[in-house]
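For this chain, numbers begin at 1 and follow the sequence in order.
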Amino acid sequence: MAGIFDKISGASKGVSDMSKNASDTNNLKKKIAYEQERILEVMQDIGKHYYADPKGDYTSLCADIDDRKRRINSMRNELQSIKGVRICTKCGTKFDEKYTFEFCGKCGSKLIVE
Ligand SMILES: [Zn+2]
């Protein structure tokens with residue numbers, strides 16, 4: 001619940017929030033890497049089983065991969081949403097994490113993470 005409250009009251013973000021974002025980002029990246037490894041393992045599993053029994057039923061193993069891919073997708077979306085403060089390379093305007101566009105709303109230049 002604290003996370004939701006943070007998002008609502010997050011207009012003025014402090015240093016602690018920024019480092020919280022950084023650790024959230026790291027956690028998500030780790031989780032994504034883990035799911036990707038698991039997908040490879042399950043794929044190897046499917047390969048072994050298929051070799052032993054080409055007519056076998058691999059629906060549940062495939063569903064497991066689909067599940068993990070969905071999880072990776074939603075975690076990637078989450079990563080996108082906690083980009084943090086970005087700054088315009090041209091006019092220097094700062095945008096917080098609620099601003100989702102890649103380009104500056106004032107001059108149209110590309111934004112970079114501060
Ligand atoms: Zn600008």
Side-chain angles (χ1 to χ4, degrees):
M1 288 315 278
I4 293 165
F5 185 74
D6 281 348
K7 282 202 174 73
I8 295 166
S9 66
S12 59
K13 296 202 81 66
V15 174
S16 62
D17 281 343
M18 290 298 290
S19 60
K20 184 185 164 294
N21 273 357
S23 71
D24 279 358
T25 303
N26 278 336
N27 274 338
L28 280 169
K29 279 181 182 164
K30 269 185 216 154
K31 280 185 196 163
I32 289 173
Y34 169 80
E35 293 293 354
Q36 281 169 334
E37 268 172 42
R38 288 295 300 140
I39 285 176
L40 286 180
E41 280 174 29
V42 176
M43 279 182 173
Q44 277 179 348
D45 244 27
I46 293 174
K48 278 181 211 158
H49 284 101
Y50 181 83
Y51 182 76
D53 176 18
K55 291 196 176 76
D57 179 13
Y58 307 109
T59 339
S60 67
L61 286 171
C62 291
D64 189 33
I65 290 178
D66 287 343
D67 263 5
R68 292 181 192 283
K69 281 189 172 172
R70 266 193 292 274
R71 246 174 273 163
I72 288 174
N73 270 337
S74 75
M75 285 191 284
R76 280 196 175 135
N77 286 338
E78 236 181 288
L79 263 183
Q80 287 276 310
S81 72
I82 50 170
K83 266 181 191 158
V85 175
R86 283 170 302 154
I87 188 163
C88 174
T89 48
K90 202 173 176 186
C91 72
T93 308
K94 285 183 182 178
F95 298 92
D96 67 17
E97 77 283 356
K98 289 195 277 308
Y99 188 83
T100 55
F101 301 104
E102 288 298 313
F103 297 94
C104 175
K106 279 192 176 167
C107 73
S109 295
K110 193 154 175 57
L111 300 176
I112 53 157
V113 177
E114 192 179 35

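The CZ atom of F103 lies 13.0 Å from the NZ atom of K90; values are rounded to the nearest 0.5 Å. A distance of 11.0 Å separates CE of M75 from CG of N27, quoted to the nearest 0.5 Å. The OG1 atom of T25 sits 11.5 Å away from atom NZ of K30, with the distance rounded to the nearest 0.5 Å.
Here Q44 pairs with nothing under the side-chain hydrogen bond (donor to acceptor under 3.5 Å, both in side chains) rule; sequence neighbours left out. Remark: Q36 engages I32, I72, R76 in a side-chain contact (heavy atoms from CB on, under 4.5 Å) (not counting sequence neighbours). For K110, the salt bridge (charged side-chain N to carboxylate O under 4.0 Å, His left out) criterion is met by E102, not counting sequence neighbours. With sequence neighbours excluded, the residues satisfying side-chain contact (heavy atoms from CB on, under 4.5 Å) with T89 are S109, I112. Residues passing the side-chain hydrogen bond (donor to acceptor under 3.5 Å, both in side chains) test with D45: none are found, sequence neighbours excluded.
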Do any side-chain atoms of residues 51-62 form donor-acceptor pairs under 3.5 angstrom with protein atoms, and if so which ones, sequence neighbours left out?
residue : atom : partner : partner atom : Å
D53     : OD1  : K55     : N            : 3.2
D53     : OD1  : G56     : N            : 3.4
D57     : OD1  : T59     : N            : 3.0
D57     : OD1  : T59     : OG1          : 2.1
D57     : OD2  : T59     : OG1          : 3.3
Y58     : OH   : H49     : O            : 3.0
Y58     : OH   : Y50     : N            : 3.3
Y58     : OH   : D53     : O            : 2.2

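Annotation for G105 and F95: closest pair N-CZ, 3.4 Å, computed over non-hydrogen atoms. Minimum interatomic distance between C88 and C91 (heavy atoms only, all atoms of both residues): SG-N, 3.3 Å. When all heavy atoms of Y99 and L111 are compared, the closest pair comes out as CE2-CD1, 3.6 Å.
Under 4.0 Å is where a charged nitrogen must lie from a carboxylate oxygen, and between R38 and E41 at least one such pair does. Ion pair D66/K69 not flagged as a salt bridge, since none of the NZ, NE, NH1 or NH2 atoms sits closer than 4.0 Å to an Asp/Glu carboxylate oxygen.
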